[in-house]
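Reading through the structure tokens given below for one structure.
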Number of protein chains: 2
Amino acid sequence: MITLNAQPLRDDNELARSLFSYAKGEVLYRQDDRADCWFEVVSGIVRTCRLYPDGRRQLMGFFYPGDAFGVDHDFYKASGEAVTDKVLARRHLSRDALIDDAALHRALKSAEDCIFLLGHRTAAERLAAFLLAFGERTGAQVCITLPMSRCDIADYLGLTIETVSRTMSDFVRRGLVALDAPQRVRILDARQLSAVAGDLHAPDDAEIAMRPGSSSRGPSTPQRHASHQGR
Amino acid sequence: MITLNAQPLRDDNELARSLFSYAKGEVLYRQDDRADCWFEVVSGIVRTCRLYPDGRRQLMGFFYPGDAFGVDHDFYKASGEAVTDKVLARRHLSRDALIDDAALHRALKSAEDCIFLLGHRTAAERLAAFLLAFGERTGAQVCITLPMSRCDIADYLGLTIETVSRTMSDFVRRGLVALDAPQRVRILDARQLSAVAGDLHAPDDAEIAMRPGSSSRGPSTPQRHASHQGR
DNA sequence: CGTCTCCTTGAAAGCGTTCAATTACAGTGG
DNA sequence: CCACTGTAATTGAACGCTTTCAAGGAGACG
């Protein structure tokens with residue numbers, strides 16, 4: 001399961017030689033290994049995750065076809081693993097191919113997405129934002145098939161699997177989503193789900209756009225780091 | 001206060017024309033503005049932060065001399081603001097100067113640092129990791145002068161100012177650090193602080209300084225929510 | 001049919017947030 | 001020089017959410 005499948009798919013030309021296939025759960029590269037190449041998803045989904053000394057795991061991102069990952073500098077700061085079965089990835093030797101700007105930008109965006117999700121305070125906010133973001137990314141706005149396990153989701157959102165599961169059940173109870181199967185989520189009320197995620201401007205907004213530096217100091221900001229709207 | 005100081009410092013040559021100066025709290029660019037240029041810190045410290053619709057704030061990172069920031073693609077996903085007084089920044093028009101790879105990599109690393117910090121579960125872990133990381137970054141291993149407010153720290157770590165303050169007091173009580181002034185932190189017991197941060201392999205482990213070659217593969221921990229491959 | 005893995009649910013405890021009050025300190029003007 | 005003011009930081013107490021520990025389903029597979 002932890003084997004590094006180092007054999008290219010085929011060998012008949014330059015392009016094919018850089019293509020690799022991985023089974024679900026297989027490790028493409030390990031955290032702390034020397035980062036001598038970066039990857040590009042061709043098909044399937046890849047996760048990068050970092051292990052903490054105490055054994056916990058933080059998923060840094062999910063990567064979809066076209067995305068670049070493993071673009072670390074000296075050593076990999078996270079490992080890359082196949083989420084789905086039959087992951088195809090193109091491997092670029094760092095010294096050969098200069099990573100193109102667009103790919104690097106997408107990698108940066110992926111990291112920022114993760115920060116964005118972790119920035120949400122409550123479990124409901126995080127999960128709702130995750131579902132919406134995932135739906136948008138994969139184009140499935142209504143019926144979502146989650147390729148990753150609850151454990152992956154939990155480690156991505158910085159929660160426990162129990163909390164993820166409980167929160168999902170709560171969404172079902174409130175009629176926000178339907179759960180046809182553990183991994184098949186149907187979004188019933190996208191608007192209200194956005195509201196839960198906190199991505200919607202409050203019904204009575206109109207004042208958020210004018211408070212740039214807010215916190216640290218400022219002429220007349222009422223201060224106190226905004227509450228948490230009632231639930 | 002929130003003005004965008006758009007005047008270059010001097011005008012006598014190409015280099016000087018791209019240099020800008022900002023006062024503490026000043027905004028270099030705003031979230032959701034069109035991202036037509038990216039920046040490079042020359043001196044001082046810059047923060048990027050994202051505002052959530054509900055008014056909360058998530059700091060995405062602190063940037064030090066040499067760092068690149070504001071490298072977003074279409075629109076800025078966060079605003080850039082001066083943390084210290086007299087921030088000098090070089091401004092690069094996106095169409096003119098291709099951002100160099102190294103700068104982009106540093107930006108990515110900064111984002112990953114943030115994820116790393118947010119990945120820590122408890123307030124004590126986050127703050128300890130933050131202090132150590134900040135000390136290492138600025139070269140001050142013992143006596144640290146925090147240029148940012150408690151509010152900045154809280155929004156960076158995804159906590160409240162009260163929790164940051166309480167946790168800091170707790171560190172003082174436990175003899176881990178001394179607080180000469182709210183912004184002057186002296187690290188008294190770096191080793192134990194690392195342990196609190198969870199960056200150490202078990203408190204009573206053999207020895208930490210076994211070289212950063214390839215640490216991963218943590219020793220068997222009484223794990224729950226095991227990932228796919230044994231930890 | 002049993003076993004395995006993943007997911008769900010329950011109850012109690014821990015911890016961070018929230019609300020609220022207090023302290024420290026710099027700047028200002030009497 | 002000293003009250004006054006405003007901001008930042010600290011501290012206290014109660015509440016609520018997430019974690020933790022533990023047990024109970026639900027499919028997949030041999």
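Small disclaimer: the values here were computed from a predicted structure and weren't measured. Chain letters run A, B, ... following the sequence lines, proteins first and then strands; every chain starts at 1.
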Q.
Check this for me: does any side-chain nitrogen of one of D67(B) and R137(B) sit under 4.0 Å from a carboxylate oxygen of the other?
A. yes
Q. Within the distance-only criterion (no hydrogens, no angle test), does the side chain of T138(A) pair as donor or acceptor with the backbone N or O of F134(A) below 3.5 angstrom?
A. yes
Q. Salt bridge or not for D113(B) and R106(B), using N-O below 4.0 Å?
A. no
Q: Among the candidates dT19(D), dG16(C), dC7(C), find the nucleotide nearest to the side-chain atoms of S149(A).
A: dC7(C)
(Q) How many whole angstroms separate atom CG of L157(A) from atom P of dT18(D)? (A) 12 Å
(Q) Distance check needed: dG16(D) P versus R121(A) CZ, whole Å only. (A) 18 Å
Q. What pairs with F69(B) under ring-ring contact (aromatic ring centres under 6.0 Å, His included), at least two apart in sequence or on another chain?
A. F39(B), F63(B)
Q: Sugar-phosphate means primed atoms, P, OP1 and OP2; the rest is base. With that split, encode nucleotides 25-30 of chain D 5' to 3' as B, S or - using protein heavy atoms under 4.0 Å.
A: ------
Q.
Please report the distance, rounded to the nearest Å, between CZ in R184(A) and P in dC7(C).
A. 15 Å
Q. Whole-Å distance between dC15(C) P and D170(B) CG?
A. 11 Å
Q. For T122(B) and dC15(C), is the shortest distance between a side-chain N/O and OP1 or OP2 below 4.0 Å?
A. no
Q) Which whole-number value in Å describes the distance from M148(A) CE to dT5(C) C1'? A) 19 Å
Q: Return the orientation label for the F116(A) and Y52(B) ring planes: parallel under 30°, perpendicular over 60°, tilted otherwise.
A: parallel
Q: Whole angstrom is fine here: how far is it from CD in E125(A) over to P in dT17(C)?
A: 13 Å
Q: Find the distance L127(B):CG to dT10(D):P and express it as a whole number of Å.
A: 11 Å
**Q.** Selection residues 123-136 of chain B - residue pairs positive for salt bridge (Lys or Arg N to Asp or Glu O under 4.0 Å), sequence neighbours left out
**A.** R56(A)-E125(B)
Q: Output yes when at least one side-chain N/O atom of Q183(B) is less than 4.0 Å from OP1 or OP2 of dA9(D), else no.
A: yes
Q: Could you note down all residue pairs passing ring pair (Phe, Tyr, Trp, His ring centres under 6.0 Å) where residues 168-198 of chain A supplies at least one of them, sequence neighbours left out?
A: none
(Q) To the closest 0.5 Å, what do you measure between CG (L28(B)) and CD (E81(B))? (A) 8.5 Å
Q: Identify, with sequence neighbours excluded, every residue that meets side chain to side chain donor-acceptor pair (under 3.5 Å) alongside T167(B).
A: none
Q: Would you kindly give the NE2-to-P distance between H120(A) and dC17(D), to the nearest whole Å?
A: 18 Å
Q | Annotated protein contacts, base or backbone, on nucleotides 8-13 of chain C with a non-hydrogen cut-off under 4.0 Å, one of B, S, - each | A | BBBB--
